[in-house]
Amino acid sequence: MSETASPLIAVDRLAVSFGDPARPLAAVRQVSFTLAPGGTLGIVGESGSGKSMTARALIGLLPESARVSGTVAFDGRDLLANRERDWEAVRGRQIGMVFQEPMTALNPAHRIGDQIAEGLIHHHLLDRRAARAEALRLIERVGIARGRERIDAYPHELSGGQRQRVMIAMALACKPSLLIADEPTSALDVTIQAQIVELLSELRAEYGLALIVISHDLGVIADLTERTLILYGGRVMEEGGTSALFRAPAHPYTRGLLAARPGRHKAKGEHLDAIPGNVPAIADFPPGCPFFGRCTDGTERCRLQVPPPVAVGDSLARCWFPQGQASGGQA
């Protein structure tokens, strides 16, 4: 991917809130990033950090009560100005999404072949016979064995890994230029996780896709993405090249996530490192850094003032006291 390529998607100060406009509950706070055609981006954070809400804002699938501001420029046009009819032309056809829970995202009353074919009929105006043939090709391409038998199966007749492959086939059916994978390996055993990661990597190269991977699994992010955003409280805590960010994390939240990985320099029987406390409810985040209250280095300044992005190596950390910052930086 060229560093100078025009962005396929450019997100600028995306914000999503709920409740009383006078006292809004902010689920996503001023999130910005760009992604070039064929590029890869990881979005990491604990449950409740705003990852999935950010993804749903990109495809117009937020609750009706949500208020959205900022800009989501996709292929040169602002998607947030879309009406529902405009969104229908984007979802599936230009932006595909692998949802977090295949068992709830798939319709239990319809055969998987019909569900894959539906987008082809709607967007590409194929007849049912041609759409079924393409659905079978996709089923076989994503690695579901005995495709001619499985095409008429219902979701409950498949394993978790097979259902995830069906979701990937559905997302790819109309050959989108951007694929968003929301927790694509959650609830799968380690062997199946590795197979899904390998499949996504192969398909990205084969189709020339840009890929956004949302996950709490840092291993998946390391395997699939070139750049990473670390989200907490709906705000970007740190961003940078995935390898460099994981090798030398600057933000205490990033360091905490990396230290808590299973098997990280721990002898048998030792407790895993853990970040103190829990992710607060939306209404309970402090006005400054959202990580204040769980951070061992937090001060009153952190509680009251939102830190600006500070360059640390090749990364940006939104922290008043980032690790690895050169002298003379942000006080």
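- Under the 3.5 Å distance criterion, the side-chain polar atoms of R318 are left unmatched by any main-chain donor or acceptor of P309.
- For the pair D86 and R83, the salt-bridge criterion is met [side-chain N within less than 4.0 Å of a carboxylate O].
- Side-chain N/O atoms of Y253 and R294 include no donor and acceptor closer than 3.5 Å.
- Between L106 and P155 the shortest heavy-atom distance is CB-CG, 3.9 Å.
- Of the inter-residue distances, the one linking L200 atom CG with L224 atom CG reads 6.0 Å to the nearest 0.5 angstrom.
- The local environment of CZ in R13 is sparse, with at most 12 non-hydrogen atoms from other residues, nucleotides or ligands closer than 6.0 Å.
- No more than 12 heavy atoms of other residues, nucleotides or ligands sit less than 6.0 Å from atom CD of E118.
- Of the possible polar contacts, one joining the R91 side chain to the I59 backbone as a donor-acceptor pair under 3.5 Å is found.
- At distances below 3.5 Å, not a single donor-acceptor pair connects side-chain atoms of T71 with backbone N or O atoms of D12.
- Other residues, nucleotides and ligands contribute over 12 non-hydrogen atoms within 6.0 Å of the CG atom of D78.
- Relative orientation of the Y154 and H156 rings is parallel, given thresholds of 30° and 60° on the angle between their planes.
- Atoms OG1 and CD, from T185 and Q100 in turn, are 10.5 Å apart once rounded to the nearest 0.5 Å.
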(message) Using side-chain contact (heavy atoms from CB on, under 4.5 Å), reason through L25 and S17 one step at a time and then give a plain yes or no.
(response) CA-CA 5 Å; L25 300 176; S17 62; 5.9 Å; no
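- In this structure, D152 pairs ionically with R132, as a charged nitrogen and a carboxylate oxygen lie closer than 4.0 Å.
- Between the side chain of R165 and the backbone N or O of V142 there is at least one donor-acceptor pair closer than 3.5 Å.
- Considering OG1 of T40 and CG of L35, their distance stands at 7.5 Å, rounded to 0.5 Å.
- Put simply, M103 and I144 are part of two different groups of oily side chains (I, L, V, M, F, W, Y) that touch within less than 4.5 Å, one to the next.
- Using a distance-only test at 3.5 Å, with no hydrogens or angles considered, no donor-acceptor pair links the side chain of E88 to the main chain of R85.
- Salt-bridge check for E134 with R129: failed, with every basic side-chain N at 4.0 Å or more from each acidic carboxylate O.
- Checking side-chain atoms of R29 against main-chain N and O of R235 turns up no donor-acceptor pair under 3.5 Å.
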